[in-house]
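Only this structure's heavy atoms are used, side chains among them; waters, hydrogens and symmetry mates stay out. The residues of the chain are indexed from 1 along the displayed sequence. Just so you know, ligand 1 is whichever comes first in the structure, and atom 1 is the first atom listed for that ligand.
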Amino acid sequence: MAVIAGAYFALAFWSAALLRRFFHKLAFSAQRLIFRAGRMKDFRQMKRRGEKITALTAYDYPTARLLDETGIDIILVGDSLGMVVLGYKDTTGVTLEEMLHHTRAVARGVKQALLVADMPIHTYDTPEQAVETARKFVDAGAGAVKLEGGLSHVEQIEAITQAGIQFMAHIGMLPQRVREEGGYRIKGRTQSEAEALLTDARAVEKAGAFSVVLEIVVADVARQITNAIGIPTIGIGSGKHCDGQILVTHDLIGLFPWFTPKFVSPEARVAEEIRRAVRAFIERTRNRGMGR
Ligand code: KIV
């Protein structure tokens with residue numbers, strides 16, 4: 001009798017725990033769905049209406065919150081993180097753990113913008129791996145993911161979009177390939193390069209991308225691509241004809257003074273402000289013995 005009662009209680013306890021976990025997961029997924037759905041603007045409509053789309057990068061909570069409060073459309077946790085925050089030479093050393101850590105921080109500061117997270121190199125080598133990585137970013141709070149590649153990555157892009165995850169494409173100069181390419185070179189200079197870019201753009205649209213970043217593409221080629229596809233093009237160093245523009249925030253606000261890409265016109269000199277404030281602090285501490 002005691003054995004039966006014991007087994008009965010164990011079973012009841014186990015089922016209750018299982019049910020609790022199931023409902024908790026359900027509530028969490030539903031919350032995430034609502035959370036993300038609210039942030040996904042109709043970017044195709046914006047393109048049709050000729051409304052320019054604005055996008056900037058963020059890697060931490062305060063920057064994300066400031067950008068979000070200012071009304072930016074898209075916040076990208078770019079793997080440029082590696083260069084402007086972590087001090088790496090390029091983006092090829094950025095790890096998935098680093099990207100997820102910074103995505104979680106950014107997600108805490110974002111209420112209205114669409115949060116897109118960059119999938120780092122070698123985290124999307126196969127369609128299965130791409131979906132697994134994309135899901136990790138969604139769990140970290142991203143509303144969409146981005147990877148570098150066009151026609152060459154159609155299977156990965158289809159797998160991600162078929163898994164119900166919003167996807168932003170990235171073609172043109174691909175920083176994750178900078179070592180093979182021997183530098184950051186403009187794309188679309190030759191007829192064959194321009195045609196390949198157009199093929200890439202059409203392929204990512206067909207695979208379900210909601211937008212495509214064009215990085216350092218000849219302005220006239222960027223214009224042709226913009227006119228040829230239904231999803232918005234978001235340019236970086238690709239001229240004014242794109243449907244939107246994206247920049248690394250550190251470049252825009254002058255927070256990485258050791259290197260500024262040629263196509264950027266900084267709107268602020270934050271590095272100078274930091275230096276000025278630090279000098280003032282050093283001086284008043286040394287001269288007056290007070291930190292305030
Ligand atoms: O990593 C990044 O910041 C990017 C943008 C420059 C588009 O991919």
Engineer: Would you check whether E215 has a nitrogen or oxygen atom less than 3.5 angstrom from a nitrogen or oxygen atom of ligand 1?
Structural biologist: no

Engineer: Using a 4.0 Å heavy-atom cut-off, say whether L81 meets ligand 1 through its side chain, its backbone, both or neither.
Structural biologist: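 Looking at L81 and ligand 1, no heavy atom falls under 4.0 Å.
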
Engineer: Does I216 offer a backbone N or O that forms a donor-acceptor pair with the side chain of S238 under 3.5 Å?
Structural biologist: yes

Engineer: Can you list the atoms of ligand 1 that are under 4.0 Å from a heavy atom of T57?
Structural biologist: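 Going through ligand 1 atom by atom, the ones under 4.0 Å from T57 are 3 (O).
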
Engineer: When you measure from the side chain of Q245 to the backbone of G239, do you find a donor-acceptor pair of N or O atoms at a distance under 3.5 Å?
Structural biologist: yes

Engineer: Can you list everything that forms a ring-ring contact (aromatic ring centres under 6.0 Å, His included) with H102? Sequence neighbours excluded, please.
Structural biologist: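 ring-ring contact (aromatic ring centres under 6.0 Å, His included) list for H102, sorted by chain: empty.
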
Engineer: Looking at side-chain heavy atoms only, is the closest gap between I165 and R135 below 4.5 Å?
Structural biologist: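 Result yes, sub-4.5 Å side-chain heavy-atom pair found.
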
Engineer: Run the numbers for me: atoms of ligand 1, each under 4.0 Å from some heavy atom of G78, listed by number.
Structural biologist: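 Per the distance check, 1 (O), 2 (C), 3 (O).
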
Engineer: Need the ligand 1 atom indices (1-based, order shown) with element for anything under 4.0 Å from a heavy-atom of H170.
Structural biologist: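 Listed by number with element: 8 (O).
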
Engineer: For E195, which residues count as a salt bridge (Lys or Arg N to Asp or Glu O under 4.0 Å) partner, sequence neighbours excluded?
Structural biologist: none

Engineer: Heavy-atom distances under 4.0 Å are what count here, so tell me which part of L76 touches ligand 1: side chain, backbone, both or neither.
Structural biologist: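 For L76, the contact with ligand 1 is made by the side chain alone.
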
Engineer: Relative to the heavy atoms of I236, which atoms of ligand 1 are at a distance of less than 4.0 Å?
Structural biologist: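 In order of number, 6 (C).
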
Engineer: Check whether any N or O atom of E148, backbone or side chain, sits under 3.5 Å from an N or O atom of ligand 1, and answer yes or no.
Structural biologist: no

Engineer: Do the side chain of D68 and the main chain of V110 share a donor and acceptor less than 3.5 angstrom apart?
Structural biologist: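 Side chain of D68 to backbone of V110, a donor-acceptor pair under 3.5 Å: no, none is there.
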
Engineer: Hey, is the main chain of A55 close enough, under 3.5 Å, to the side chain of D73 for a donor-acceptor pair?
Structural biologist: no

Engineer: Considering heavy atoms of the protein only, find what lies nearest to atom 2 (C) of ligand 1 and give residue, atom and distance to 0.1 Å.
Structural biologist: S80 OG, 3.3 Å

Engineer: By number and element, which atoms of ligand 1 are closer than 4.0 Å to a non-hydrogen atom of K146?
Structural biologist: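 What qualifies from ligand 1 is 4 (C), 8 (O).
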
